[in-house]
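Counting starts at 1 for both ligands and their atoms, in listed order. The structure presented is a predicted model; accordingly, all values stated were derived computationally and were not measured.
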Amino acid sequence: MEQYFIKGGNPLKGTVDICGAKNAALALIAAAILTQEPVVISNLPDVSDINLLLDAIAQIGAVVERIDRHKVKIIGATVHSCVLNYEYISKIRASYYLLGSLLGRFHQAEVAMPGGCVIGARPIDQHIKGFEALGAVVDLEDGQIKARADALTGNHIYFDVVSVGATINVMLAAVLADGNTIIENPAKEPHVVDLANMLNSMGAHIRGAGTDVIRIRGVKSLHKTDYTVIPDQIEAGTFLFAGAATGGDVTVNNVIPKHLESITAKLEDIGCFIEEYDEAVRVVAGPQLHGTQVKTLPYPGFPTDMQPQMTVALTVSEGISTVTESIFENRFKYAGELARMGARIKIEANTAIITGVKHLKGAQVSAPDLRAGAALTIAGLAAQGVTQVGGVEYIQRGYEDFDVKLRSLGADIRKIDPADQEAIEQFRQKCS
Ligand code: UD1
């Protein structure tokens with residue numbers, strides 16, 4: 001398995017184009033099989049999570065036609081099975097969205113319990129509560145979730161916790177149900193709104209996505225659409241923090257600045273300068289970053305998916321910072337790796353206490369999950385010396401051409417197979 005080899009110390013400078021949002025695209029792909037007509041999705045990121053979900057819908061019979069690297073045509077008319085093979089499900093968590101869309105369209109679905117990043121227990125009780133409220137019977141047998149309904153009928157659903165996945169899954173199941181569904185306490189993330197927009201463009205009747213109450217009036221069928229995925233706020237935020245942590249000047253292009261507000265607010269807090277344009281945001285690192293406090297929250301709060309990247313920036317910011325993780329209980333697994341790079345970081349319950357150091361130092365580290373992998377890469381870019389980041393396959397689940405984009409900003413980063421001693425030697429010689 002290839003690893004990133006990074007020679008740190010270059011301030012990142014320049015402009016980078018941001019891809020479509022992975023987490024939105026996953027929901028849109030599941031939504032595409034709610035209709036028999038063709039659905040074209042553009043601005044799709046070319047990352048492994050997306051490609052696996054496309055493989056999964058092809059496996060149950062959908063026609064998946066790649067128009068180009070970022071555009072796909074999906075025809076759901078030929079779907080012939082409501083049973084998802086474990087091989088696909090165990091790799092991506094969001095394959096459970098097929099539960100919602102298959103249940104919505106065929107009134108039955110069987111999907112293995114999901115995999116994905118191991119950042120906490122990640123129960124799915126709220127998804128099940130929502131399906132049951134619509135009239136489905138849901139059983140868990142041998143690691144399979146089996147949902148079945150004679151008919152789906154709209155209902156009033158109050159989520160006990162704010163869940164992106166449960167909100168999306170229940171929307172997928174409810175659009176074709178009889179009558180009205182009201183979802184209270186839903187997630188308000190941009191990708192929830194993006195899903196509602198695409199479903200509405202297919203003839204659904206969804207109002208209130210992005211607010212405290214989503215109202216869905218069931219329709220008999222959905223039709224074709226041609227839809228473009230929103231930009232990825234997390235990919236954008238990752239490059240902004242890479243700019244900040246390396247003392248650089250980075251502009252992220254093709255973004256919706258409004259979606260980045262909680263991120264840019266924290267960058268300003270630690271001493272960066274932010275400029276906003278219509279479709280771009282620029283960060284310029286101040287001469288000295290300083291510490292702050294941050295707590296992850298559901299949107300529009302600071303995203304848990306930006307927590308590791310923010311923590312890395314704080315390891316090289318003057319003073320003492322705290323980062324409190326309130327969404328997932330096991331999301332500081334990378335802290336030990338950062339400590340190996342000289343970070344002064346202590347975890348107490350769900351809070352990281354960080355004392356800023358002048359420089360991190362290169363080391364061999366391993367990514368425990370997707371966002372932590374991106375964060376350790378940023379740490380390597382900010383560090384003195386050479387860093388080797390293992391677990392690149394996690395990073396590729398959610399970042400398209402991460403190393404290529406970083407190189408375009410001036411980073412010294414190469415993806416090398418650790419067995420390729422010659423390539424490693426060449427990289428080290430170039431660095432010395
Ligand atoms: C999605 C995102 C993920 C992001 C997370 C939080 C996708 C594919 N993934 O994950 O990148 O980190 O939102 O913004 O979009 N919970 C329950 N019961 C449930 C469902 C969730 O207790 O039935 C809890 C979870 O354990 C967690 C919290 O609710 O503590 C939020 O989880 P949720 O929003 O559902 O995350 P995901 O949809 O899995």
Side-chain angles (χ1 to χ4, degrees), residues 20-31 44-45 47-50 52-53 56 89 91-101 111 113-133 138 140 145 147 157-173 183 185-195 209 229-230 232-235 237-238 259 262-263 295-310 324-333 350 368-375 394-395 397-399:
K22 170 189 79 95
N23 286 349
L26 290 166
L28 304 189
I29 291 168
L44 207 61
V47 296
S48 62
D49 268 14
I50 295 294
L52 277 166
L53 190 61
I89 305 314
K91 290 185 189 142
I92 34 164
R93 187 166 178 78
S95 51
Y96 63 21
Y97 289 155
L98 298 176
L99 265 179
S101 56
V111 173
M113 274 294 274
C117 279
V118 188
I119 51 182
R122 304 183 87 170
I124 59 157
D125 54 304
Q126 299 303 305
H127 304 235
I128 294 172
K129 174 180 172 175
F131 295 150
E132 288 178 343
V138 185
L140 276 169
I145 309 158
I157 298 159
Y158 186 93
F159 284 132
D160 305 318
V161 293
V162 178
S163 161
V164 174
T167 303
I168 287 177
N169 236 340
V170 171
M171 283 166 74
L172 290 166
I183 306 175
N185 199 28
K188 299 178 204 154
E189 264 69 3
H191 39 297
V192 171
V193 179
D194 208 32
L195 173 65
V229 185
I230 52 165
D232 197 317
Q233 61 172 142
I234 305 301
E235 188 198 10
T238 300
H259 293 169
S262 64
I263 296 167
K295 182 177 182 180
T296 62
L297 288 169
Y299 190 84
F302 190 84
T304 174
D305 285 356
M306 285 301 306
Q307 179 259 98
Q309 303 88 316
M310 169 103 204
T324 302
E325 173 56 58
S326 78
I327 310 286
F328 292 113
E329 65 274 21
N330 200 8
R331 211 166 189 176
F332 285 122
K333 278 191 297 184
N350 64 339
D369 61 67
L370 164 60
R371 305 301 171 186
Y394 288 115
I395 300 171
R397 286 184 41 209
Y399 293 89

Let me see the working for Ile128 and Gln126 under side-chain contact (heavy atoms from CB on, under 4.5 Å), right down to the final yes or no. CA-CA 5 Å; Ile128 294 172; Gln126 299 303 305; over 6 Å; no
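- For atom 29 (O) of ligand 1, the choice among Ile327, Ile168, Val161 with the nearest heavy atom turns out to be Val161.
- Close approach of ligand 1 to Asn23 (heavy-atom distance below 4.0 Å) involves ligand atoms 2 (C), 3 (C), 7 (C), 8 (C), 9 (N), 11 (O), 15 (O).
- Minimum heavy-atom separation, Thr296 to Glu325: OG1-OE2, 3.1 Å.
- Every atom of ligand 1 with a heavy atom of Tyr96 under 4.0 Å away is listed here by number and element: 37 (P), 38 (O), 39 (O).
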Output, in order, the C-alpha distance, side-chain angles, deciding distance and verdict of side-chain contact (heavy atoms from CB on, under 4.5 Å) for Val111 and Tyr97. CA-CA 9 Å; Val111 173; Tyr97 289 155; over 6 Å; no
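- Under a 4.0 angstrom heavy-atom cut-off, Met306 registers as lying outside contact with ligand 1.
- Within the structure, the closest approach of Pro303 to ligand 1 does not fall below 4.0 Å when heavy atoms are considered.
- Counting the atoms of ligand 1 from 1 in the order shown, those under 4.0 Å from a heavy atom of Arg331 are 12 (O).
- Between the Lys129 side chain and the Ile157 main chain, no donor and acceptor come within less than 3.5 Å of each other.
- Every atom of ligand 1 with a heavy atom of Ile124 under 4.0 Å away is listed here by number and element: 19 (C), 23 (O).
- Distance check: Asn23 CG to Leu195 CG gives 12.5 Å after rounding to the nearest 0.5 Å.
- The main-chain N or O of Phe159 is found under 3.5 Å from a side-chain atom of Asn185 such that the two form a donor-acceptor pair.
- Of the polar atoms of Thr304, none of the N or O atoms is found under 3.5 Å from an N or O of ligand 1, judged by distance alone.
- Below 3.5 Å of separation, one finds no N or O of Lys22 facing any N or O of ligand 1.
- A distance of 10.0 Å separates OG in Ser163 from CD1 in Ile327, rounded to the nearest 0.5 Å.
- Counting heavy atoms under 4.0 Å from ligand 1, residue Val162 touches it through the backbone alone.
- Taking both residues in full, the closest heavy atoms of Leu26 and Asp49 are given as CD2-O, 3.8 Å, listed atom of the first, atom of the second, then distance.
- Each of the atoms 18 (N), 19 (C), 23 (O) of ligand 1 lies under 4.0 Å from some heavy atom of Gln126.
- Checking side-chain atoms of Arg331 against main-chain N and O of Thr304 turns up a donor-acceptor pair under 3.5 Å.
- Residue-ligand proximity: His191 is placed with a non-hydrogen atom under 4.0 Å from ligand 1.
- Between Gly165 and ligand 1, an N or O atom pair is found at a separation short of 3.5 Å.
- Any N or O atom pair closer than 3.5 Å counts here, and Ala166 shares no such pair with ligand 1.
- Within the 4.0 Å heavy-atom criterion, the part of Asp305 lying near ligand 1 is the side chain and not the backbone.
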